[in-house]
Engineer: 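Below: one structure in structure tokens.
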Amino acid sequence: MRINCLRVVPKIPPSAKHKIIISHSFSHSLLFTKRSSRAIHAAAASSSMSYEKELAAAKKAASLAALLCQKVQKALLQSDVHSKSDKSPVTVADYGSQALVSLVLERELPSESFSLVAEEDSGDLRGNSGQETLQRIRTLVNDTLANNEYSSVSNLTTDDVLRAIDNGKSEGGSRGQHWVLDPIDGTKGFLRGDQYAIALALLDEGKVVLGVLACPNLPLTSISGENQQSSQDKVGCLFFATVGTGTYMQPLDGSSLLKVHVSATENPEEASVFESFEAAHSLHDLSSTIAKKLGVKAPPVRIDSQAKYGALSRGDGAIYLRFPHKGYREKIWDHAAGCIVVTEAGGVVADAAGNPLDFSKGKYLDLETGIIVTNQKLMPLLLKAAKESLEERASSL
């Protein structure tokens, strides 16, 4: 059974038992046909489960990690000491964020089977060369805890911090529950003072059932071409979703809650396209070819991190294209939280062949070339344009 992060509908009519979703004309569109009755019943059962406690813990963890990262980034941008080649600030924030998320989840959800799949481990911090950095991380984590509701546990030792970081050594998989974390998604954006995200998701039997994106620098208003960010815009967004309940956005300070939905545009000419800021992260020329075939008129919006998923979930743009360079393997923490945030907002996330993303096989995603994201009405056209563009690219090499 392929397990994915698609939105689950609790009640499935009889007519849909053997044929869930049909594309318009493109044969590869969303190959979600002929599901077995066993898969359908499993999906329905999953949708009926409540993840309220897990969501509350995840929101706390991601929000605290965002506070820690904001503190480091502010000091970085105000300092003339660090050169652009100096990665120590992002290292401190990265490890500190992971330690905080691990500690909060363990405290809020005590369990003998706690499992965290995360980007970092403590290996580089345990030697003599890592001791200064480790002390900085410990101080930062303790200070963040002391200024919030966890003051009673804000006297952590370096061993406590190392253990919390190394909770992230899980391999994930299709059995049981696994938290999936990217403690700072978009490190280059972080160093530039631009977009980054703390991305946290929960896998249950290989399926993404919960996702939280803390985006400290993302404006609360749209970042679409028609409404570019001004210096007056308030920043700091928290997006979150659980399976079957939709996607919500609120400021990082925890105030007003808003249910969000992806763009409803059906006309590609009116769509805007998101892609990675760094050309090293995605093939901009291929994305441009696909956009031209669709008739997209607006220039691409390039931003770092899974903040793109958050912005897409509230309709800032209509399409996200990611085509990594040959040989790159996508990691589950780079897409798990963003995937459910978009799908619960009514969108579709697939690889270039129309297959849903499968997070059940460990730390890596097995993909057909790239990742494409849009609404359900545009997806058949987007898949067709992607297929043609990839075929043209292959024949020219």
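Every heavy atom of this structure was used, including side-chain atoms; hydrogens, water molecules and symmetry mates were not.
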Engineer: Taking the basic N atoms (NZ, or NE/NH1/NH2) and the acidic carboxylate oxygens, is any pair closer than 4.0 Å for Lys363 and Glu171?
Structural biologist: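 Answer for the salt bridge query: yes.
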Engineer: Are any side-chain N or O atoms of Glu108 and backbone N or O atoms of Ala57, one a donor and one an acceptor, separated by less than 3.5 Å?
Structural biologist: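 Pair absent, no side-chain N/O of Glu108 close to backbone of Ala57.
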Engineer: Please check if the number of heavy atoms outside Asp253 that lie under 6.0 Å from its CG is greater than 12.
Structural biologist: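 Enclosed.
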Engineer: Is there a donor-acceptor pair under 3.5 Å between the side chain of Ser263 and the backbone N or O of Gly315?
Structural biologist: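 Such a contact is absent between Ser263 side chain and Gly315 backbone.
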Engineer: Atom CG of residue position Asn147 - does it have more than 12 heavy atoms of other residues, nucleotides or ligands inside 6.0 Å?
Structural biologist: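 Enclosed: over 12 neighbouring heavy atoms sit under 6.0 Å from CG of Asn147.
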Engineer: Atom CD1 in Ile137, atom CD1 in Ile165: separation rounded to 0.5 Å?
Structural biologist: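 Answer rounded to 0.5 Å: 5.0 Å.
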Engineer: So, does Gln195 use its side chain to make a donor-acceptor pair with the main chain of Leu218 at under 3.5 Å?
Structural biologist: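 Yes, Gln195 side chain to Leu218 backbone: donor-acceptor pair under 3.5 Å.
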Engineer: Can you list the steps and then say if Asp124 with Arg126 is a salt bridge (Lys or Arg N to Asp or Glu O under 4.0 Å)?
Structural biologist: CA-CA 6 Å; Asp124 292 340; Arg126 291 182 179 273; over 6 Å; no
Engineer: Quick check: closest heavy atoms across Arg314 and Ser222, and the distance to 0.1 Å?
Structural biologist: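 Distance-wise, the nearest heavy atoms are NH2-CA, 4.0 Å.
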Engineer: Who are the side chain to side chain donor-acceptor pair (under 3.5 Å) partners of Gln131, not counting sequence neighbours?
Structural biologist: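 Gln131: no side chain to side chain donor-acceptor pair (under 3.5 Å) contacts found.
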Engineer: Short question: side chain of Thr144, backbone of Leu140 - any donor-acceptor pair under 3.5 Å?
Structural biologist: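 Here the side-chain-to-backbone pair exists.
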Engineer: Within 45 degrees of the axis of the six-membered ring of Phe359 and under 6.0 Å from its centre: does Lys207 put its NZ or CZ there?
Structural biologist: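 Here Lys207 fails the 6.0 Å and 45° test against Phe359.
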Engineer: What about the rings of Tyr309 and Tyr320, do their centers lie closer together than 6.0 Å?
Structural biologist: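 Centroid distance Tyr309-Tyr320: below 6.0 Å, so yes.
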Engineer: For the residue pair Val141 and Ala99, what are the closest heavy atoms and their distance?
Structural biologist: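 Heavy-atom minimum between the residues: CG2-CB, 4.3 Å.
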Engineer: Side-chain contact test, heavy atoms from C-beta onward, threshold under 4.5 Å: evaluate it for Cys69 versus Tyr196 and give yes or no.
Structural biologist: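 Yes. Closest side-chain heavy atoms under 4.5 Å.
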Engineer: Can you hop from Leu220 to Val260 via hydrophobic side chains spaced under 4.5 Å?
Structural biologist: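 Looking at the clustering, Val260 is in a separate group from Leu220.
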Engineer: Between the side chains of His335 and Glu330, is a donor N or O closer than 3.5 angstrom to an acceptor N or O?
Structural biologist: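 A pair is found: one side chain offers a donor N or O, the other an acceptor, under 3.5 Å apart.
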Engineer: Is it the case that the side chain of Thr247 and the backbone of Ala345 share a donor-acceptor pair, with hydrogens and angles ignored and the cut-off at 3.5 Å?
Structural biologist: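 Flag set: sc Thr247 to bb Ala345 pair under 3.5 Å.
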Engineer: Just verifying a value: how many Å separate Leu162 CG and Tyr95 OH, rounded to the nearest 0.5 Å?
Structural biologist: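 Going from CG on Leu162 over to OH on Tyr95, the span is 10.0 Å.
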Engineer: Between Asp351 (side chain only) and Ile371 (backbone N and O only), is there a donor and an acceptor less than 3.5 Å apart?
Structural biologist: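 Answer holds: no.
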Engineer: Assess whether side-chain contact (heavy atoms from CB on, under 4.5 Å) is satisfied between Lys331 and Leu365, documenting all intermediate values.
Structural biologist: CA-CA 6 Å; Lys331 291 92 171 176; Leu365 292 169; over 6 Å; no
Engineer: Establish, from distance only, whether the side-chain atoms of Ser115 and Ser170 form a donor-acceptor pair under 3.5 Å.
Structural biologist: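 A pair is found: one side chain offers a donor N or O, the other an acceptor, under 3.5 Å apart.
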Engineer: State whether the number of non-hydrogen atoms from other residues, nucleotides or ligands found under 6.0 Å of Glu391 atom CD is greater than 12.
Structural biologist: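 More than 12 within 6.0 Å, yes.
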Engineer: I'd like to check the side chain to side chain donor-acceptor pair (under 3.5 Å) partners of Glu149; sequence neighbours left out, ordered by chain and number.
Structural biologist: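 For Glu149 the side chain to side chain donor-acceptor pair (under 3.5 Å) partners, ignoring immediate neighbours, are Lys60.
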Engineer: Carefully, step by step, assess Glu388 and Arg393 under the rule salt bridge (Lys or Arg N to Asp or Glu O under 4.0 Å).
Structural biologist: CA-CA 9 Å; Glu388 291 174 355; Arg393 183 182 179 85; over 6 Å; no
Engineer: Would the distance check show the side chain of Gln306 and the main-chain N or O of Asp334 forming a donor-acceptor pair, the cut-off being under 3.5 Å?
Structural biologist: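 Indeed, once roles are kept as given, a pair shorter than 3.5 Å links the two residues.
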Engineer: Are Arg192 and Asp304 close enough, and set up right, to give a salt bridge (Lys or Arg N to Asp or Glu O under 4.0 Å), and what steps lead you there?
Structural biologist: CA-CA 10 Å; Arg192 286 197 314 271; Asp304 300 282; 2.2 Å; yes
Engineer: So, Ser154 and Ser151: side-chain donor and acceptor under 3.5 Å apart, yes or no?
Structural biologist: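 There is no such pair (donor and acceptor under 3.5 Å, judged by atom type) between the side chains of Ser154 and Ser151.
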Engineer: Do you see a donor-acceptor pair shorter than 3.5 Å between the side chains of Asp166 and Ser122?
Structural biologist: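 The criterion, which ignores hydrogens and geometry beyond distance, is satisfied for Ser122 and Asp166.
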Engineer: If you measure only the distance, is there a donor-acceptor pair under 3.5 Å linking the side chains of Thr157 and Asp160?
Structural biologist: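 Indeed, the side chains of Thr157 and Asp160 share at least one donor-acceptor pair under 3.5 Å.
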Engineer: Rounded to the nearest 0.5 Å, how far apart are NZ of Lys297 and CG of Asn267?
Structural biologist: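 Separation between the atoms: 8.0 Å.
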Engineer: Return the set of residues passing side chain to side chain donor-acceptor pair (under 3.5 Å) with Glu106 (not counting sequence neighbours), or none when no residue passes.
Structural biologist: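 Here the qualifying residues are Arg163, Asn167.
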